[in-house]
Protein chains: 2
Amino acid sequence: MMDVAKLARVSPSTVSLYLRRPSAVSPSAGQEIDRAISTLGYVPNLVAGGLAAASSKVVSIIVPSIRNAFFAETVSALQSELAADGLQVLLGHSEYAEDQEEALVRTALSWAPAAIVLTGLSHSAGTRKLLQASGIPVVEMWELGGKPIDMAVGFSHPQVGATAARHLLSKGRRSLAFLGARMQEDHRAEKRASGFAEAARAGGVSACEVLNHPGAATVEAGSLLLNRALQQVSGLDGIACSNDLIALGALFECQRQGIAVPDEIAVMGFGDLSFSASCIPSLTTIRPSGELIGKEVARLILGSIHGERPEGASRIVDTGHVLIERKSS
Amino acid sequence: MMDVAKLARVSPSTVSLYLRRPSAVSPSAGQEIDRAISTLGYVPNLVAGGLAAASSKVVSIIVPSIRNAFFAETVSALQSELAADGLQVLLGHSEYAEDQEEALVRTALSWAPAAIVLTGLSHSAGTRKLLQASGIPVVEMWELGGKPIDMAVGFSHPQVGATAARHLLSKGRRSLAFLGARMQEDHRAEKRASGFAEAARAGGVSACEVLNHPGAATVEAGSLLLNRALQQVSGLDGIACSNDLIALGALFECQRQGIAVPDEIAVMGFGDLSFSASCIPSLTTIRPSGELIGKEVARLILGSIHGERPEGASRIVDTGHVLIERKSS
DNA sequence: GTGAAAGCGCTAACAA
DNA sequence: TTGTTAGCGCTTTCAC
């Protein structure tokens, strides 16, 4: 920066100012600086900038797994929005483990990030304490219904489960099953399941089983779970899945066993993944809109950084969910 | 760090040394420091550390899109391996655009990262110059067959295409089509296509068309592409797809139109995604192992940082590809 | 094995 | 609108 300043015949602080607020510098000086930057090939050192400013142009995002299409969609949208404002994304995977999340939060804080984004509302006491003490803007995403540390963007998972149950009830289904995966760790999936069971019981079903596959939510898990459901629920005529991949596996398994969907069993998923509109039969599902979540998280973060921090009710954004009715139900 | 030093009754430099090389400090001093750290809840400032050390504990990863399951798998594996060594991942999306990639590289360099990971071997001249001038370890991944900037981990895409063509030929198929998406931007998919076409012609096929869908590689694109292939290739009896999602769409479309797979048309994909073993019929595909790529990239990076930088042939790692034969062919 | 001292490259008062 | 000045919190020689 000193070299740039020397070549442009201004002081380093003018260069610094120009880089951060170009309008605060006279146009002629700005042009000189621009020229000097490009002839020297100057690349600013954001590490030094972060140290001096006591806050770096980085946003730390912690998700359970980037291999999950939901979070990939959100991170992708978030990254695009933040990059437009010169913010970088520091990514971490908690693998659904609170202690791992706490370790990631600790490292994240060492970067003095402009904001921290976490997934869900369940965190260790240590994580909460670290974040509250830091004073850094925190956004919890993909879940609503508890008390957020700072801000939250998402939707109610029990309500998603209830929507699924009511849809199956409206189709005259009375022997239901909820097929979920990794629910011992994935609290949000577990909440969809309990919301489903509650609404199903309130609707007076004759049977409602919640089945869990301890491994990841995959197509194969869906096949396994459908078979277990057939064994455990007599007269099974409706299933809801915690993820479209599981629903797809269930559809395949029905096809293999000659079970007509939706005539014998109605199937619905969650996520509205890319294949859900095109599979056979097309899949009724609930769309949470990971992209919208990403955009809203970005909006809250940019608001916190630039203008004033959002206050009161505006610190919680409900992105809702949408039932997409297709042929599988 | 000064507070920790005061409480532990040592100098700040001893604390710093202990944090980086515990064995260089006497056990008694180490214990005192540990105690002081936990009573004070000290979190090191990596920004300051990065500035002083002129290199930060960050690895910048630039992929075309994290929503692509291939890259999600690699980034996931890579981040786990790096996190075990205290390295953070800075993520960027190029969206298959070289100028966007260059902008990301420029920002990445401002963080003085310990290493930079790029996708593929095609980059703008500016990107190459920036990286070469930086002296930072660079790993290009998911492609082999050109001259890497520094190190590379991946496989040959034309060879993948050739494997697909030979497989279909071995099944007696002679009217072939390659279904790809976004090939105007995704050079690797385009190379799989050209490798396929070349090997098909060398095998004496009667027809071989390469069809491109300009949008993303999705199930829906697969359905559209299959229909176009049916129109353009008379007697079509074998198709290879640049991605398992496209292949799944083709399978669905065949089912819709009553085309028997593999009897009338053999279908194969690329990627071995989670549904490929479970769909109907199960999908013959080629597995590139994104996870292995991630692990090998991590190995090269950790080698460059700790020990000496890999030299000569060991700077290029071929992770190969594996044909997974299933029922769709 | 430990400590003193000199920065790393920038930002942000504040003064001019 | 521009420049001067004093750090930001750590690492890294180099003595001791």
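The chains referred to below are lettered A, B, ... by the order of the sequence lines, with proteins before strands, and numbering in each begins at 1. Computation of the quantities below employed the complete heavy-atom set of this structure, encompassing side-chain atoms and omitting hydrogens, waters and symmetry-equivalent molecules. All figures in this text were calculated on a predicted structure; none of them were measured in a lab.
- Residue contacts for B:Tyr42: at a heavy-atom cut-off of 4.0 Å it reaches the sugar-phosphate backbone alone, with no base atom in range.
- For the residue pair B:Ser124 and B:Glu102, a side-chain donor N or O sits within less than 3.5 Å of a side-chain acceptor on the partner.
- Between atom CD1 of residue A:Ile149 and atom NZ of residue A:Lys129 there is a gap of 13.0 Å, rounded to the nearest 0.5 Å.
- Pairs engaging residues 50-75 of chain B under the side-chain hydrogen bond (donor to acceptor under 3.5 Å, both in side chains) rule: B:Thr74-B:Trp142 [sequence neighbours left out].
- Rounded to whole Å, the distance from CD1 on B:Ile37 to C1' on D:dG9 is 15 Å.
- Atom CH2 in A:Trp111 sits about 13 Å away from atom P in D:dC10, given to the nearest Å.
- The interatomic distance linking A:Arg20 (CZ) with D:dT2 (P) rounds to 14 Å, in whole Å.
- For the residue pair A:Ser16 and A:Arg20, a side-chain donor N or O sits within less than 3.5 Å of a side-chain acceptor on the partner.
- Here A:Ser11 reaches the OP1 or OP2 of D:dG3: one of its side-chain N or O atoms lies under 4.0 Å away.
- One finds no salt bridge joining A:Arg315 and A:Glu311 here, because no Lys/Arg side-chain nitrogen approaches an Asp/Glu carboxylate oxygen to under 4.0 Å.
- One atom, CZ of B:Arg21, and another, P of D:dT13, lie 10 Å apart when rounded to the nearest Å.
- Residue A:Ser26 is classed as a sugar-phosphate contact, given heavy-atom separations below 4.0 Å to backbone atoms only.
- Taking atom CE on A:Met1 and atom C1' on D:dG3, their separation rounds to 14 Å, with Å as the unit.
- For D:dG3, the OP1/OP2 oxygens have no side-chain nitrogen or oxygen of A:Ser13 closer than 4.0 Å.
- Under a 4.0 Å N-O distance rule, the pair B:Arg299/B:Glu81 does not qualify as a salt bridge.
- Here the range on DNA chain C touched by chain A, meaning any atom under 4.0 Å from one of its heavy atoms, is C:dG9 to C:dA12.
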Steps toward side chain to side chain contact (heavy atoms under 4.5 Å, CB included) verdict (B:Ile66, A:Ile66)
CA-CA 8 Å; B:Ile66 195 69; A:Ile66 195 68; 3.4 Å; yes

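- Rounded to whole Å, the distance from CG on A:Leu17 to C1' on D:dT1 is 9 Å.
- Using a 4.0 Å heavy-atom cutoff across all strands shown, B:Ala53 reaches sugar-phosphate atoms only and no base atom.
- Sequence order on DNA chain C of the closest nucleotides to B:Val10 and B:Ala48 puts B:Val10 first from the 5' end.
- Across all strands, A:Val25 comes closer than 4.0 Å only to sugar-phosphate atoms, never to a base (heavy-atom distances).
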